[in-house]
Structures are given as C-alpha cells and as structure tokens.
Amino acid sequence: MTTTPNDGFAGKVAFVTGATSGIGRATALAFARAGAAVTVADLSQDGVRETARLIEEAGGRVVAVRCDVSNAEDVRAALATTADTFGRLDFAFNNAGVEQLVMPAADIADEDFDRTVAVNLRGVFLCMKHQVPLMLKGGGGAIVNTSSGAGVKGFAGQAAYAATKHGVIGMTKSAALDYAKDGIRINAICPGIIDTPMMQRFTGGTPEGVARVVAQEPVGRMGKPEEIAAAVLFLCSEPGAFVVGHAMVVDGGQTVG
Ligand code: NAD
C-alpha cells in the first residue's frame with residue numbers, strides 16, 4: 001500500500017492559530033478532513049466558532065479557543081485546553097499574523113512595529129514554548145510556523161513585517177535543531193500571494209490592486225489557501241519525516257528571480 005501525505009492523521013491532534021480566516025481556516029479544515037482532531041485558536045471568538053462549525057459539519061472533532069497569540073496566558077490556556085480535551089498534541093500550525101501598512105521603514109510608528117513583532121514573532125515563540133512539552137510527552141510531533149515570501153526576500157515598504165517573517169525562519173531553524181533528536185520536526189512555510197482576507201485588505205479589493213500583486217506572480221494568479229494547507233499537511237506527514245528546519249516556499253515562483 002502506498003503512503004500519501006494525508007495518511008497518518010487519524011487519531012492525532014492538531015493545533016492551529018489564525019484559524020478564523022484564510023490560510024489558517026483552510027488548514028484547520030484540511031487537518032480535520034485528514035482525520036485529526038483540531039484545536040482552532042484565534043482572536044475572534046465568533047470566527048473560531050464558525051470554523052468549528054465547518055469542521056463539525058465535515059464530521060471532524062474540534063475545540064474552539066479564543067486566544068491572542070501575543071499573550072502568554074492566553075497561549076498557555078489554549079494548549080492546556082487542547083491537552084484536557086484531546087489528551088495529546090501531535091501537530092501545530094503557528095500561523096496567526098498581521099500585516100503592516102506599506103510605508104518606508106523610518107515612517108513606521110514604534111507601536112505598530114512592536115505590535116507586528118508581538119503577533120508574528122513572539123506569538124510563534126509562545127506557541128512553540130507551550131507545544132513542545134506536550135509533544136515531548138507524546139514522543140514527538142511536527143510544528144509548522146508561518147513565514148512568508150517576505151521571510152526570504154526584502155520588499156519595499158515592509159520592513160517591520162519582513163523583520164518578523166525573517167525572524168520566524170531563524171527561530172524555526174534553531175528550534176528544529178533543539179528538538180530533532182526528540183522526534184519533533186519544526187519547519188516553516190513561506191506563502192506567496194494567497195487569496196485571503198489579508199490579501200484583500202492589501203489590494204484594497206480593487207481590480208488595479210489585484211492586478212498589481214498578480215503581476216508579481218510568474219504563474220499569473222494568486223495562490224489558494226488550500227494550496228498552502230496541502231503543503232503544511234505534507235510537512236506534518238509521514239512522507240515528510242526527513243524534512244527538518246526547512247523554510248518551504250510555496251509561492252508560484254514569486255521569489256525565484
Ligand atoms: P488573514 O488576515 O486572513 O488571517 C489571519 C488570522 O490571524 C485571522 O483569523 C486573525 O484573526 C488572526 N490573528 C491576528 N492576530 C492575532 C492574534 N494576536 N492572536 C490570534 N489570532 C490572530 O491572513 P492570511 O492571509 O490567512 O495569513 C495567515 C498567515 O499567513 C499570516 O501569518 C500571514 O502573515 C501569512 N502570509 C499570508 C500571505 C498572503 O498572501 N495571504 C502571504 C505570506 C504570508
């Protein structure tokens with residue numbers, strides 16, 4: 001029998017942040033469809049309830065938790081709820097993130113810089129901090145942290161955002177070395193231009209705004225959240241077992257040239 005990237009999720013438990021929207025919701029649904037029970041965590045209480053409803057509708061097991069990933073107590077409580085509800089943790093997708101307004105570096109307000117770092121970088125750190133002990137207890141696991149094309153390349157007007165996304169890759173690679181021998185694989189995903197509410201805010205939802213970002217994509221279209229979800233599941237899967245500390249670019253060729 002051949003093994004596919006969607007084998008091996010039944011009976012396992014996944015934890016997804018930013019699970020109310022875009023890439024996070026698509027990935028939470030993908031974990032559930034592959035057979036994993038899922039904790040969906042997000043700032044938006046109504047949003048996580050709706051994601052949970054979609055998962056239950058698809059026949060999955062889910063718990064919804066309101067959680068600000070930049071808040072240590074929220075993150076601790078969300079992982080404690082996961083352990084109490086499902087008894088283990090096998091996979092984590094640390095994906096919650098915020099964009100920055102496009103502006104030159106010196107124009108970024110101090111508090112906007114700090115908020116971007118708090119969510120995109122400290123949030124990933126706090127999540128891993130509370131996920132790793134649960135995975136060690138269970139004998140291993142896989143963590144995927146969301147970086148970006150802005151994690152492997154500079155973009156004008158994106159100094160704060162790119163700093164956090166480059167930081168996610170450095171943190172991922174270092175933490176991957178810390179836990180490789182313990183059977184916890186830690187990788188990052190670097191999406192290109194993906195059609196989500198974040199990207200709709202970035203383009204302003206206008207045909208000109210969409211054309212401007214699609215022009216960056218050699219494939220001539222935006223990616224779909226489900227295309228990122230598929231890569232995340234691969235990184236968590238048995239066929240991905242030898243992938244450690246990798247920043248996987250899934251971007252239609254955006255950052256190749
Ligand atoms: P989105 O705005 O559609 O979804 C982001 C989610 O994160 C939302 O559900 C939001 O409520 C949640 N969130 C924000 N702050 C939070 C906090 N403090 N605590 C908990 N949840 C919080 O965005 P998306 O496009 O789905 O992006 C998901 C991730 O992918 C982000 O990290 C983003 O930086 C990254 N990314 C997106 C793209 C893209 O083109 N859409 C490209 C590269 C990287």
Side-chain angles (χ1 to χ4, degrees), residues 15-30 39-52 54 64-79 92-100 102 112 114-127 144-153 155 158 160-169 171-172 188-203 205 209-210 212-214 216-217 219 221-229 231-232 247-252 254-255:
F15 180 94
V16 178
T17 69
T20 279
S21 179
I23 294 167
R25 176 172 281 169
T27 307
L29 273 160
T39 298
V40 290
D42 199 288
L43 259 188
S44 163
Q45 178 82 64
D46 289 348
V48 280
R49 284 209 190 105
E50 175 58 12
T51 303
L54 292 169
V65 187
R66 195 218 157 261
C67 168
D68 176 349
V69 295
S70 69
N71 180 300
E73 178 47 30
D74 277 13
V75 174
R76 189 205 58 74
L79 271 310
F93 183 37
N94 298 321
N95 163 76
V98 288
E99 68 270 37
Q100 72 153 100
V102 178
D112 289 345
D114 290 347
R115 182 69 194 149
T116 311
V117 171
V119 178
N120 294 5
L121 197 53
R122 177 180 156 87
V124 172
F125 163 70
L126 290 174
C127 284
V144 179
N145 298 321
T146 302
S147 177
S148 169
V152 297
K153 173 178 186 302
F155 285 88
Q158 291 294 301
Y161 183 78
T164 65
K165 295 301 187 179
H166 275 69
V168 165
I169 293 178
M171 185 161 51
T172 297
I189 189 97
C190 303
I193 290 168
I194 311 301
D195 191 5
T196 68
M198 180 185 283
M199 188 46 67
Q200 284 151 21
R201 291 190 295 275
F202 194 75
T203 61
V210 170
R212 184 169 35 83
V213 296
V214 169
Q216 292 180 31
E217 282 288 1
V219 293
R221 67 168 176 89
M222 291 193 198
K224 298 181 221 138
E226 293 74 17
E227 290 173 307
I228 303 304
V232 173
M248 180 181 275
V249 175
V250 182
D251 75 347
Q254 182 195 15
T255 58

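Indexing begins at 1, ligand by ligand and atom by atom, following the structure's order. Count residues from 1 along the sequence. This structure is a prediction, so every number in the text was calculated from the model and none was measured. As a basis for the values below, the full set of heavy atoms in this structure was taken, side chains included, without hydrogen atoms, waters or symmetry mates.
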Q: Sort out for me which residue in T164, V69, L43 forms a side-chain contact (heavy atoms from CB on, under 4.5 Å) with V119.
A: V69
Please state which part of [X] comes within less than 4.0 Å of ligand 1, counting heavy atoms only: side chain, backbone, both or neither.
| X | answer |
| --- | --- |
| S44 | neither |
| Y161 | side chain |
| C67 | backbone |
| R201 | side chain |
| Q100 | neither |
| T20 | both |
| K165 | side chain |
| S147 | backbone |

Q) When you measure from atom 37 (C) of ligand 1 to each heavy atom in I194, D195, I23, which option holds the nearest one? A) I23
Q: Nearest heavy atom to atom 1 (P) of ligand 1 wins, so pick from S21, S70, G24, P225.
A: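 Going through S21, S70, G24, P225 one by one, S21 has the nearest heavy atom to atom 1 (P) of ligand 1.
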Below 4.0 angstrom from a heavy atom of [X], which ligand 1 atoms are there? Numbered from 1 as shown, please.
| X | result |
| --- | --- |
| P197 | 3 (O) |
| G22 | 3 (O), 26 (O) |
| G192 | 38 (C), 39 (C), 40 (O), 42 (C), 43 (C) |
| G97 | 5 (C), 7 (O), 14 (C), 31 (C), 32 (O) |
| T146 | 29 (C), 30 (O), 32 (O), 35 (C) |
| V98 | 14 (C), 15 (N) |

(Q) Under a 4.0 Å threshold between the charged nitrogen and the carboxylate oxygen, would D195 count as salt-bridged to R221? (A) no
Q | Residues R115, D112: salt bridge by 4.0 Å N-O rule | A |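 Salt bridge absent between R115 and D112.
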Q.
Pair D68, S70 - check side chain to side chain donor-acceptor pair (under 3.5 Å), show working.
A. CA-CA 5 Å; D68 176 349; S70 69; 2.8 Å; yes
Q. Are K224 and I194 side-chain neighbours, meaning at least one heavy-atom pair lies under 4.5 Å?
A.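 They are not in contact (no side-chain heavy atoms under 4.5 Å apart), so the answer is no.
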Q | Side chain proximity check, I169 to C190, heavy atoms < 4.5 angstrom | A | yes
Q) To which protein heavy atom is atom 28 (C) of ligand 1 closest, and what is the distance rounded to 0.1 Å? A)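 Nearest neighbour among protein heavy atoms for atom 28 (C) of ligand 1, to 0.1 Å: N95 OD1, 3.3 Å.
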(Q) Between Q45 (side chain only) and R66 (backbone N and O only), is there a donor and an acceptor less than 3.5 Å apart? (A) no
